[in-house]
Protein chains: 2
Amino acid sequence: MDGELLDIGEVARRTGLAASALRYYEKQGFIAPAGRNGLRRSYRPDVLDRLALIVCARDAGFTIAEIAGFLRAAPGDPELRARLADKAVRLEDDIARLERMRDALRHASACAHEPLVECPDFKRHFRPDGGGQSASERPSRQ
Amino acid sequence: MDGELLDIGEVARRTGLAASALRYYEKQGFIAPAGRNGLRRSYRPDVLDRLALIVCARDAGFTIAEIAGFLRAAPGDPELRARLADKAVRLEDDIARLERMRDALRHASACAHEPLVECPDFKRHFRPDGGGQSASERPSRQ
DNA sequence: GTCTTACTTGAAGCGCGGTTCAAGTCAAGG
DNA sequence: CCTTGACTTGAACCGCGCTTCAAGTAAGAC
């Protein structure tokens with residue numbers, strides 16, 4: 001009762017992912033076919049949910065290795081929970097940065113300052129301290 | 001009066017970027033030394049502002065090519081303004097996605113559902129339509 | 001039976017954003 | 001003058017996240 005298995009082409013169509021990407025994800029251990037029809041992979045429909053999750057995580061900036069960690073971790077693993085919470089915090093930072101960038105772009109698209117990149121209002125979005133040319137000890141990781 | 005030129009090592013230290021990255025950015029046309037002391041690049045301190053902008057844009061997910069476009073565009077170019085506004089809109093979408101991911105992670109870090117990735121509350125963050133296994137025409141670009 | 005067509009495989013390749021390397025230069029210090 | 005050491009160069013290399021390729025296979029239509 002459901003028995004509706006999907007082949008890789010169908011999954012590709014429905015998710016918008018390339019078949020090669022699905023095979024790649026399989027190699028990474030993210031998904032697995034329910035079986036084969038001849039050589040062809042047959043997927044249960046719930047693979048679509050899993051792929052939606054993977055795509056979302058990928059688009060949110062998680063690396064393949066991180067996603068693998070989340071998907072493969074033992075259920076209930078407290079360390080996993082901690083990592084997830086940690087990631088949520090980092091996402092907060094990412095969101096804040098993107099919001100600053102968005103605000104800067106909004107200003108830029110309306111601002112008439114001549115060399116746009118020299119507009120002090122624009123620049124203020126990137127360096128909290130006004131126009132001073134000083135910059136000390138920025139520990140930013142590279 | 002200021003004459004305080006910085007060499008590449010100093011700029012690297014102050015920005016947290018590698019010297020190789022600075023040379024790379026120069027090759028891309030993002031920055032230029034004010035002069036040379038022998039072979040050594042000498043930068044005016046305002047290069048730090050420009051680098052802050054570049055780093056921020058990079059961290060906000062802009063490609064090198066996009067940043068180049070923004071930096072090199074003719075000042076006042078109306079097409080540039082339009083592109084900036086367009087980017088701001090896309091950033092909105094990115095922010096929204098990141099917020100959904102953040103909410104999902106927050107839930108996940110507290111949720112006791114056994115195979116975590118199967119938690120319906122968790123999944124709901126990724127697929128607007130509840131538990132249905134259907135998925136039609138997702139045009140998502142790959 | 002044979003054709004078509006979408007799949008299969010492993011290996012190689014690609015674009016991005018730099019980093020690393022080998023060999024060389026040169027300003028400053030002693 | 002000689003050494004030191006941070007700089008210089010172009011070219012090669014790297015990790016990521018896939019894509020592309022060449023060669024092969026099998027399900028379903030005719």
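By convention in this document, chain letters (A, B, ...) are assigned in the order of the sequence lines, proteins followed by strands, and residues within each chain are numbered from 1.
Computed from coordinates, the Leu5(A) CG to dC7(C) P distance equals 15 Å when rounded to whole Å. Rounded to an integer number of Å, the gap from CG of Leu22(B) to C1' of dT9(D) is 16 Å. Summarising the geometry, the separation between CG on Leu51(A) and P on dG17(D) is reported as 16 Å, rounded to the nearest angstrom. Regarding Ile64(B), its CD1 atom lies at a distance of 14 Å from the C1' atom of dT19(C), rounded to whole Å. Taking atom CD of residue Glu10(A) and atom C1' of nucleotide dT5(C), one finds them 16 Å apart after rounding to whole Å.
Residues passing the side-chain contact (heavy atoms from CB on, under 4.5 Å) test with Glu92(B), sequence neighbours excluded: Arg102(A), Arg106(A). With sequence neighbours left out, the side-chain contact (heavy atoms from CB on, under 4.5 Å) criterion links Ala34(A) to Leu5(A), Arg44(A). Remark: Asn37(B) engages Ser42(B) in a side-chain contact (heavy atoms from CB on, under 4.5 Å) (not counting sequence neighbours). Remark: Tyr43(A) pairs with no residue by the ring-ring contact (aromatic ring centres under 6.0 Å, His included) rule, at least two apart or across chains. Scanning for side chain to side chain donor-acceptor pair (under 3.5 Å) contacts around Glu99(A) gives an empty result, with sequence neighbours left out. In this structure Asp94(B) satisfies the side-chain contact (heavy atoms from CB on, under 4.5 Å) test together with Leu98(A), Leu91(B), Arg97(B), sequence neighbours excluded.
Each of Asp7(A) and Ala65(B) was assigned the nucleotide of DNA chain C with the nearest heavy atom; the assignment lying further toward the 5' end belongs to Asp7(A).
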Acceptor/donor pairs from residues 63-87 of chain A side chains to any protein atom, 3.5 angstrom cut, sequence neighbours excluded:
| residue | atom | partner | partner atom | Å |
| --- | --- | --- | --- | --- |
| Thr63(A) | OG1 | Ala65(A) | N | 3.4 |
| Thr63(A) | OG1 | Glu66(A) | N | 3.1 |
| Glu66(A) | OE1 | Thr63(A) | N | 2.8 |
| Glu66(A) | OE2 | Lys87(A) | NZ | 2.8 |
| Arg72(A) | NH1 | Gln28(A) | O | 2.6 |
| Asp77(A) | OD1 | Glu79(A) | N | 2.7 |
| Asp77(A) | OD1 | Leu80(A) | N | 3.4 |
| Arg81(A) | NH1 | Ala108(B) | O | 2.9 |
| Arg81(A) | NH1 | Cys111(B) | O | 2.4 |
| Asp86(A) | OD2 | Arg90(A) | NE | 3.4 |
| Asp86(A) | OD2 | Arg90(A) | NH2 | 3.2 |

Going 5' to 3' along nucleotides 21-28 of chain C, which nucleotides have protein heavy atoms under 4.0 Å from the base (write B), which only from the sugar-phosphate (write S), and which from neither (write -)?
----SSS-
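For DNA chain D, the residues of residues 24-34 of chain A within the heavy-atom distance limit of 4.0 Å (strictly under) are Tyr24(A), Tyr25(A), sorted by number.
Not one side-chain nitrogen or oxygen of Arg13(B) sits closer than 4.0 Å to the OP1 or OP2 atom of dA6(D). The phosphate of dA26(D) (OP1 or OP2) has no side-chain N or O of Arg41(A) nearer than 4.0 angstrom. Taking 4.0 angstrom as the limit, Arg58(B) places a side-chain polar atom (N or O) nearer than this to OP1 or OP2 of dG18(C).
At a threshold of 4.0 Å, the pair Glu10(A)-Arg13(A) counts as salt-bridged, since one of the basic side-chain nitrogens sits closer than that to a carboxylate oxygen.
For Ser20(B), counting side-chain heavy atoms from C-beta on, the closest listed nucleotide (dT9(C), dT19(D), dT19(C)) is dT19(C).
Smallest separation of non-hydrogen atoms from Pro120(B) and His113(B): CD-CE1, 3.3 Å.
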